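Counting starts at 1 for both ligands and their atoms, following the listed order. Along the sequence shown, the residues carry numbers beginning at 1. Nothing here was measured: the structure is a model prediction, and the numbers come from that model.
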Amino acid sequence: MKLKEYIGKELFRKYGINVPNGVLVRSLSDLGNVETIKAEELVVKAQVLVGGRGKAGGIRTAKRPELRMVVSGMLGSMLKGEKISEVLVEEKLRIDRELYLSFVVNRAEKNFSLVFSESGGVDIEETAEKHPDKIVRVGLLDFDESIIKNIPNITGIGDLISRLYKLFRENDCQLAEINPLVVSKNILIAADAKIIIDDNALYRHPEFNVKTEELTELEDMAKKSGLQYVELDGNIAVIGNGAGLVMATLDMINHFGGKPANFLDVGGGASVEQMELAIRIALMKKPKALFINIFGGITRCDEIAQGISNYKSRNRIEIPMVVRMIGTNEEMGRKILEENKIHSIDTMEEGARKVVELAK
Ligand code: GDP
Ligand code: MN
């Protein structure tokens, strides 16, 4: 999960890494708080998750009298397809140098990389491509003072690197990046923050989850109930259990010329209630047909069947539904479905072909 800049900077502050004075502004009424910043000139930064904001117009400078205008122009507008609902207003730094510093998980080498460059700033990608010699990379498995030998001697850099490393590890980051790392009057200041937390470790960091994750209402509802829900843009809703089966189901639907509207992975051991909720969520986007594809392992077909039946008895399902269900307690499940006049199909191919036909 990517963290927005201001959340990354809160984290920096917590680890003793210098950041500019700033306040988060969500509406013009928050502008009063900017009084606490004593600088003449300010920088207004769109809090969106897309990169390259500087080049796309998401970073503006403003003198105090212009601030309201600049902020009102940004709030609510779009930046590279993302709506700006928050801006960070900061003191404008005097930039003497722009450096680059990051820690990143290096999967290929099964270690971490410290990456540093004296040519930081918005053109770092270009530098990496055209002048790779200007970028220092050091592989490491744990922190030790000796890695700093590889970095040019800049006042405060060793201390900063060890703080960033601590932050990187303690927060299960995939990336902790400062670009630009600004040298301003001989002090190192993190002018930007880009932090990606490993999704598989998010359960250890509920503090990020609540504050920053931007899910659609449906995705949020699904997540809170232990379901994985992803919206797509076709017209066939898909419910399955297990990522592999769900992916195969999507492929199969595509193979027969259909387009999935969304998918819900009910995971292993879905309960009757979860199954009911899954159907409710899957149908909210008004698909043309629903395909339920369950391979019972720890998931029991009778529970799934009961969930489907309960949903059907309490709601009108106005679109065709295709159910394919095999595995644990299959017979019991099929009986429950039959009692509720729900037909089920034996193979995934047959089910996918049928649902594509019915969605037409
Ligand atoms: P990004 O483009 O999304 O990575 O946004 P950054 O926060 O890195 O800002 C892009 C560029 O804006 C930086 O490289 C700086 O050149 C400039 N910038 C950002 N903050 C300041 C500031 O406080 N003072 C000055 N002079 N420039 C800034
Ligand atoms: Mn940046």
Has [X] got any heavy atom lying under 4.0 angstrom from an atom of ligand 1?
X     : answer
Lys45 : yes
Gly52 : yes
Glu91 : yes

Ligand 1 versus [X], non-hydrogen atoms closer than 4.0 Å: side chain, backbone, both, neither?
X      : answer
Leu93  : both
Val182 : neither
Glu98  : side chain

By number and element, which atoms of ligand 1 are closer than 4.0 Å to a non-hydrogen atom of [X]?
X      : answer
Lys92  : 23 (O), 24 (N), 25 (C), 26 (N)
Gly54  : 1 (P), 2 (O), 3 (O)
Pro180 : 8 (O), 13 (C), 14 (O)
Ile95  : 24 (N), 25 (C), 26 (N), 27 (N), 28 (C)

Any donor-acceptor pair under 3.5 Å linking the side chain of [X] with the backbone of [Y]?
X      : Y      : result
Ser225 : Met221 : yes
Thr328 : Gly297 : yes
Asn18  : Leu188 : yes
Lys80  : Gly51  : yes
Asn150 : Ile147 : yes

Between [Y] and [X], is there a salt bridge with N-O shorter than 4.0 Å?
X      : Y      : answer
Lys149 : Asp144 : no
Lys9   : Glu5   : yes
Arg334 : Glu330 : yes

Has Glu177 got an N, O or S atom lying less than 2.8 Å from the Mn ion (ligand 2)?
no
Note: heavy atom closest to atom 21 (C) of ligand 1, options Ile124, Val43, Leu181, belongs to Val43
Counting heavy atoms only, which of Leu88, Asn179, Leu79, Ile59 comes nearest to atom 12 (O) of ligand 1?
Ile59
What protein heavy atom sits nearest [atom], and how far away is it?
atom                    : value
atom 6 (P) of ligand 1  : Asp192 OD2, 3.4 Å
atom 11 (C) of ligand 1 : Val122 CG1, 3.7 Å
atom 5 (O) of ligand 1  : Arg53 NH2, 3.2 Å

Without hydrogens or angle criteria, can the side chains of Gln306 and Asp302 be said to hold a donor-acceptor pair below 3.5 Å?
no
Atom CD of Gln228 with >12 non-hydrogen neighbours under 6.0 angstrom:
no
The atom of Asp192 among N, O or S that is nearest the Mn ion (ligand 2) is OD2
For a side-chain contact (heavy atoms from CB on, under 4.5 Å) with Phe103, tell me which candidate from Leu167, Val115, Leu140 qualifies.
Leu140
